Asks: 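Okay, handing you the structure first.
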Protein chains: 2
Amino acid sequence: MNVIDASGALAISTRLQRLADLLRKDGQMIYKAFGIDFEPKWFPVIYTLFHKPGLGVVELANEIGYAHPSTISLLKELENEKLIRSKKDRHDERKRLLFLTSKGEELVQEMRPVWTVMSDAILELTNTTNNLLKAIAETEAGFRGKSFFERAKPHLPRK
Amino acid sequence: MNVIDASGALAISTRLQRLADLLRKDGQMIYKAFGIDFEPKWFPVIYTLFHKPGLGVVELANEIGYAHPSTISLLKELENEKLIRSKKDRHDERKRLLFLTSKGEELVQEMRPVWTVMSDAILELTNTTNNLLKAIAETEAGFRGKSFFERAKPHLPRK
DNA sequence: TAAATCTACGTAGTTAACTACATATATACA
DNA sequence: TGTATATATGTAGTTAACTACGTAGATTTA
């Protein structure tokens with residue numbers, strides 16, 4: 001065992017990020033192997049716009065839990081790929097309403113079986129004694145209730 | 001519930017990364033609140049060199065599970081901070097052996113109580129029905145046994 | 001109804017990891 | 001022992017998210 005695993009809790013963000021990277025890279029390979037030109041990072045945008053067409057940029061960002069500039073850069077790529085389009089909101093000149101293009105809609109249909117395969121593989125992979133998907137949800141909930149910082153704060157040395 | 005949470009498994013890398021970010025940022029705030037000039041990302045290097053002084057660059061990278069160029073850039077920062085130093089290996093001219101400086105050693109002693117507080121907070125946060133730390137370890141182990149890609153591969157359409 | 005504030009979107013620059021490639025030294029083998 | 005291969009380190013550029021800040025239009029309020 002290396003000293004980092006031994007340090008347990010302290011290296012948690014490192015380990016989460018590494019696992020995220022591993023899964024994203026394999027996700028990329030899986031799309032490729034199925035002959036589909038799609039990047040895992042596009043998933044939240046495409047999936048959300050498929051289910052909720054007509055969202056604005058910030059609404060979409062909130063929905064997928066990203067900062068809006070991150071969302072904007074994904075949207076740019078997806079517009080270049082002709083997978084999404086936008087139009088001005090007639091009632092609010094500031095707003096851009098976002099939709100899948102028909103190419104985007106078709107790609108979603110093509111990806112559906114791949115998503116099923118991926119989803120099954122992830123469920124298999126994470127369905128261990130401590131279920132990772134549930135553990136994430138539970139930890140996120142705990143964090144919302146009282147953040148990591150708030151849990152550490154009471155132990156600050158008094159000035 | 002937003003559509004991404006509903007998509008469950010498919011957005012897993014996104015969610016892992018977001019949680020990693022949250023924890024890293026709070027970690028940063030905690031060091032600051034304790035008046036310690038230290039970044040969470042330095043932890044794996046400092047902690048490992050504290051426990052195993054004299055490692056080479058690649059040995060250290062393997063120990064902390066990073067690619068060696070990532071490790072090199074952390075080492076540069078830590079050398080600027082005067083927290084680590086290196087010397088040539090007498091028996092292998094290619095190798096740089098890495099050590100904490102005395103400033104580094106002192107900082108470790110200063111951080112020990114903070115690490116205890118952080119570790120307790122993380123354990124509290126992650127000790128839910130499905131323990132996140134254990135779930136990560138279990139999923140990593142499952143992945144090593146058979147990767148995400150390998151689990152999806154059998155379902156490829158035949159050519 | 002004019003001014004102040006808020007909201008939606010966008011740009012620029014940062015961060016913390018990565019891969020690909022280059023170079024120098026060490027080791028193995030013909 | 002000279003050549004091929006492997007290993008240790010380093011550099012350059014990429015990626016996928018972020019924060020800070022700016023601007024324009026919408027809404028609230030004095």
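Nothing here was measured: the structure is a model prediction, and the numbers come from that model. Order of the sequence lines sets the chain letters (A, B, ...), proteins ahead of strands, with each chain counted from 1.
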Asks: Between Glu93(A) and Glu39(A), which has a closest nucleotide on DNA chain D that is more 5'?
Replies: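 Taking each residue's closest nucleotide, the earlier one in sequence belongs to Glu39(A).
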
Asks: Could you tell me how far apart Lys25(A) (NZ) and dC18(C) (P) are, to the nearest whole angstrom?
Replies: 6 Å

Asks: Run the side-chain donor-acceptor check on residues 100-108 of chain B: report pairs under 3.5 Å with partners two or more places apart or on a different chain.
Replies:
residue	atom	partner	partner atom	Å
Thr101(B)	OG1	Lys82(B)	O	2.6
Thr101(B)	OG1	Leu83(B)	O	3.3
Thr101(B)	OG1	Lys103(B)	N	3.4
Thr101(B)	OG1	Gly104(B)	N	3.0
Lys103(B)	NZ	Glu81(B)	O	2.9

Asks: Out of dC18(C), dA16(C), dA17(D), which nucleotide sits closest to the side chain of Tyr66(A)?
Replies: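 Of the candidates, dA17(D) comes closest.
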
Asks: Do the side-chain N or O atoms of Ser70(B) get closer than 4.0 angstrom to the phosphate oxygens (OP1, OP2) of dC18(C)?
Replies: yes

Asks: With a 3.5 Å distance limit and no angle check, can you tell me whether Asn130(A) reaches the backbone of Asn130(B) through a side-chain donor-acceptor pair?
Replies: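 Not at all, since once roles are kept as given, no pair shorter than 3.5 Å links the two residues.
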
Asks: Select from His91(A) and Leu74(A) the residue whose nearest nucleotide in DNA chain D is closer to the 5' end of that strand.
Replies: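 It is Leu74(A) whose nearest nucleotide is closer to the 5' end.
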
Asks: Sorted by first residue and then second, give each salt bridge (charged side-chain N to carboxylate O under 4.0 Å, His left out) pair with at least one member in residues 116-127 of chain B; sequence neighbours left out.
Replies: Arg151(A)-Glu124(B)

Asks: Measure from CZ on Arg18(A) to P on dA17(D) and round the result to the nearest Å.
Replies: 19 Å

Asks: Among dC18(C), dC18(D), dA17(C), which is the nearest nucleotide to the side chain of Ala67(B)?
Replies: dC18(C)

Asks: By side-chain contact (heavy atoms from CB on, under 4.5 Å), which residues pair with Lys95(B), not counting sequence neighbours?
Replies: Glu59(B), Asp89(B), Asp92(B), Leu97(B)

Asks: Given atom CD of Gln17(A) and atom P of dA16(D), what is their separation to the nearest angstrom?
Replies: 12 Å

Asks: Take the protein atom NZ of Lys87(A) and the nucleotide atom P of dC9(C), then report the distance between them rounded to whole Å.
Replies: 15 Å

Asks: Check salt bridge (charged side-chain N to carboxylate O under 4.0 Å, His left out) between Glu110(A) and all other residues, then give those that pass, not counting sequence neighbours.
Replies: none

Asks: What string of B, S and - do you get for nucleotides 5-15 of chain D, 5' to 3', if B is base contact, S is sugar-phosphate-only contact and - is no contact with any protein heavy atom under 4.0 Å?
Replies: -BBSBBBB---

Asks: Looking at residues at least two apart in the chain, or sitting in another chain, which of them share a salt bridge (charged side-chain N to carboxylate O under 4.0 Å, His left out) with Glu150(B)?
Replies: none

Asks: When Asp26(A) is tested against each of Gln28(A), Arg24(A), Met29(A) for side chain to side chain contact (heavy atoms under 4.5 Å, CB included), which residue passes?
Replies: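 With Asp26(A) as partner, Gln28(A), Arg24(A), Met29(A) yield a single side chain to side chain contact (heavy atoms under 4.5 Å, CB included), made by Met29(A).
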
Asks: Could you check how far NZ of Lys88(B) sits from C1' of dA26(C), rounded to whole Å?
Replies: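 Result: 14 Å.
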
Asks: What is the distance, rounded to the nearest whole Å, between atom CG of Leu22(B) and atom P of dC18(D)?
Replies: 10 Å

